Undergrad: 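Input: one structure, supplied below.
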Amino acid sequence: MSETYGARAAIGREETVSVAVVGFGTAGGARLSGYAAVPGVEVTAVVDPSPERREQAARLLPRGRVFASYEELAASTDTPVDVVDVCTPPVLHDPLTRAALVAGRHVICEKPVAVRGADARELIALARERGRLLFPSHNYGTSPLMRTLREAVDGGRSPGAEDGGGGSGVGRLESATFRVLRDRHARGVPGFAPDWRRSVELAGGGILLDHGTHCVYMALRLFGRAPVKLSCTVERAGGDPAAVDEAARLRLDFGDGQCDIELSWTSGERSNHYAVSGSAGVLSIDDGEVTGRTAAGRWRRSLVSPSKDQTHLEWFAPMYEDFRRVLAAPGLWDGPAREIEDTARIVEAAYASADAGGRTVPV
């Protein structure tokens with residue numbers, strides 16, 4: 001990255017940012033509510049192809065404008081937009097992100113920003129060329145459960161903390177386990193394909209691409225690097241190779257540690273299990289219950305389970321604060337770019353492994 005990357009386009013944290021929300025489904029609706037609760041932002045436009053959704057957006061956005069397509073927004077000469085927030089189904093992420101970057105706008109994009117590593121690299125190159133920030137909406141990264149896992153892992157990275165530092169750290173991270181079980185896929189809103197997550201044409205993939213993306217970037221943050229290899233198997237409805245995956249098992253191999261991920265839309269239950277194990281202890285999160293066995297002893301406390309609310313609206317403010325912090329400091333813009341690319345490379349490799357019957361493949 002050149003030293004001038006984004007220097008002219010940085011927006012200070014004290015300045016007001018104008019945002020266009022593109023896609024007014026579950027994520028877009030939650031985003032509009034989230035922006036209303038944080039300072040320094042004005043939503044100037046909402047874009048959605050559904051007349052029903054546009055009507056609802058217009059009621060909630062009396063001072064903004066509503067458009068049926070991004071092309072209509074782009075043609076508008078009197079709608080200020082600093083940031084385009086892409087909240088559409090995954091197959092639209094790439095073309096909308098490209099169009100916004102070409103127009104000189106910063107972009108926040110729902111996960112996955114890209115499905116393939118090559119696509120991610122092209123988007124990152126375009127963002128650098130245009131001097132704009134490309135930021136992933138990786139909301140689990142600032143969630144209470146992720147902060148809890150990070151605290152346990154980061155404690156083992158502190159100087160002299162190999163034994164846990166006498167506190168609640170697990171020491172050197174050796175393994176992680178993520179298990180996300182659902183009795184069905186999350187549904188979209190009426191007015192635009194409520195079951196789009198099961199549509200290859202709209203989703204591009206199934207649960208591995210959907211919730212699996214969250215697990216992948218969480219693993220990247222916990223281990224601090226990308227895995228060297230992985231293996232993956234998936235299950236598809238009726239064994240149909242043309243159907244999206246509805247269950248997946250993924251092992252990420254980091255050389256001196258591993259992360260096992262299990263995902264399902266057909267388990268008959270809704271539950272979450274996250275655990276990290278290290279040289280000095282273990283920490284587990286089962287729905288809303290956190291248990292630890294570290295140098296500090298055995299302990300237990302509570303969190304709000306991430307399965308309670310599909311929108312996770314309470315996680316928006318810390319994610320947006322992270323975005324504003326990065327937006328104001330172009331020297332930090334490579335961090336989100338690296339996470340976007342690594343996440344795309346891993347998910348792409350996971351599908352390649354699944355297509356090869358679960359064979360271990362390099363990342």
Side-chain angles (χ1 to χ4, degrees), residues 1 5-6 20 22-23 27 47 69-71 74 83-141 196-197 199-221 225-230 232 234 242 244-245 248 250 252 261 323 326 333-356 361-363:
M1 184 184 73
Y5 173 36
V22 181
V47 177
S69 69
Y70 179 79
E71 289 74 19
V83 178
V84 171
D85 191 341
V86 178
C87 299
T88 65
V91 296
L92 299 174
H93 292 178
D94 186 290
L96 287 169
T97 295
R98 289 177 189 271
L101 290 172
V102 167
R105 278 137 180 181
H106 303 285
V107 176
I108 301 173
C109 186
E110 267 295 323
K111 56 78 187 169
V113 178
V115 177
R116 294 180 293 272
D119 294 334
R121 287 188 289 274
E122 287 184 12
L123 291 176
I124 292 164
L126 179 59
R128 288 173 176 162
E129 175 189 325
R130 298 289 172 160
R132 295 299 183 270
L133 171 61
L134 175 56
F135 190 88
S137 179
H138 287 173
N139 60 345
Y140 270 67
W196 64 261
R197 281 181 172 83
S199 165
V200 174
E201 291 75 18
L202 290 174
I207 194 170
L208 177 59
L209 188 64
D210 185 35
H211 211 106
T213 296
H214 289 305
C215 294
V216 166
Y217 68 71
M218 288 172 68
L220 289 172
R221 295 190 186 192
R225 61 192 185 281
V228 293
K229 56 186 177 179
L230 62 79
C232 179
V234 301
V244 299
D245 45 289
L250 173 63
L252 306 179
I261 299 170
F323 166 71
V326 175
W333 291 9
D334 260 356
R338 183 166 52 252
E339 186 166 285
I340 289 169
E341 180 181 352
D342 285 345
T343 300
R345 289 194 303 115
I346 293 166
V347 172
E348 180 181 18
Y351 276 117
S353 172
D355 289 343
V361 299
V363 176

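Reckoned from all heavy atoms, side chains included, excluding hydrogens, waters and symmetry mates. Here the structure is a predicted model, which means the values were calculated and not measured.
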Undergrad: In a check of side chain to side chain contact (heavy atoms under 4.5 Å, CB included) between Lys111 and each of Val216, Ile340, Asp210, Asn139, which one passes?
TA: Asp210

Undergrad: Using the ring-ring contact (aromatic ring centres under 6.0 Å, His included) criterion, which residues pair with Tyr217? Sequence neighbours excluded.
TA: His138, His214

Undergrad: Going by the rule side-chain contact (heavy atoms from CB on, under 4.5 Å), which residues pair with Val47 if we only count those two or more places apart in sequence or in a different chain?
TA: Val22, Phe67, Leu73

Undergrad: Only counting residues at least two apart or in another chain, list the ones meeting salt bridge (Lys or Arg N to Asp or Glu O under 4.0 Å) with Glu71.
TA: none

Undergrad: When rounded to the nearest 0.5 angstrom, what distance separates CG in Leu96 from OG in Ser69?
TA: 10.0 Å

Undergrad: Could you give the distance from CD (Glu129) to CD (Glu122), rounded to the nearest 0.5 Å?
TA: 11.5 Å

Undergrad: Excluding sequence neighbours, so at least two apart, what forms side-chain contact (heavy atoms from CB on, under 4.5 Å) with Ala356?
TA: Arg359

Undergrad: Can you name the nearest heavy-atom pair linking Leu250 to Ala350, along with the distance?
TA: CD1-CB, 3.9 Å

Undergrad: Between Asp342 and Arg225, does at least one N-O distance fall below 4.0 Å, as a salt bridge requires?
TA: no

Undergrad: Could you work out, with side-chain hydrogen bond (donor to acceptor under 3.5 Å, both in side chains) as the rule, every residue matching Arg338, not counting sequence neighbours?
TA: none

Undergrad: Hey, what do you get for CG (Asp94) to OG1 (Thr88), rounding to the nearest 0.5 Å?
TA: 10.5 Å

Undergrad: Taking only residues two or more places apart in sequence or in another chain, which ones pass ring-ring contact (aromatic ring centres under 6.0 Å, His included) with Phe135?
TA: Phe323

Undergrad: Could you give the distance from OH (Tyr140) to CZ (Arg221), rounded to the nearest 0.5 Å?
TA: 13.5 Å

Undergrad: Mind checking what makes side-chain hydrogen bond (donor to acceptor under 3.5 Å, both in side chains) contact with Arg130, not counting sequence neighbours?
TA: none

Undergrad: Listed by chain and number, what are the side-chain contact (heavy atoms from CB on, under 4.5 Å) partners of Val107, not counting sequence neighbours?
TA: Val86, Thr97, Ala100, Leu101, Cys109, Leu134

Undergrad: Residues in side-chain contact (heavy atoms from CB on, under 4.5 Å) with Ala219, at least two apart?
TA: Phe178, Leu252, Phe254, Cys259

Undergrad: Report the distance from atom CD1 of Ile346 to atom OG of Ser353, rounding to the nearest 0.5 Å.
TA: 13.0 Å

Undergrad: Can you list everything that forms a side-chain hydrogen bond (donor to acceptor under 3.5 Å, both in side chains) with Ser137? Sequence neighbours excluded, please.
TA: Arg31, Glu110

Undergrad: Taking only residues two or more places apart in sequence, or in another chain, which ones meet Arg116 in a salt bridge (Lys or Arg N to Asp or Glu O under 4.0 Å)?
TA: Asp119

Undergrad: List for me each residue that meets side-chain hydrogen bond (donor to acceptor under 3.5 Å, both in side chains) alongside Asp245, sequence neighbours excluded, and say none if there are none.
TA: Tyr351

Undergrad: Does the His106 side chain pair with the main chain of Leu133, one donor and one acceptor, at a distance under 3.5 Å?
TA: yes

Undergrad: Write down the atom of Ala74, the atom of Arg105, and the distance for their closest heavy-atom approach.
TA: CA-NH1, 4.4 Å

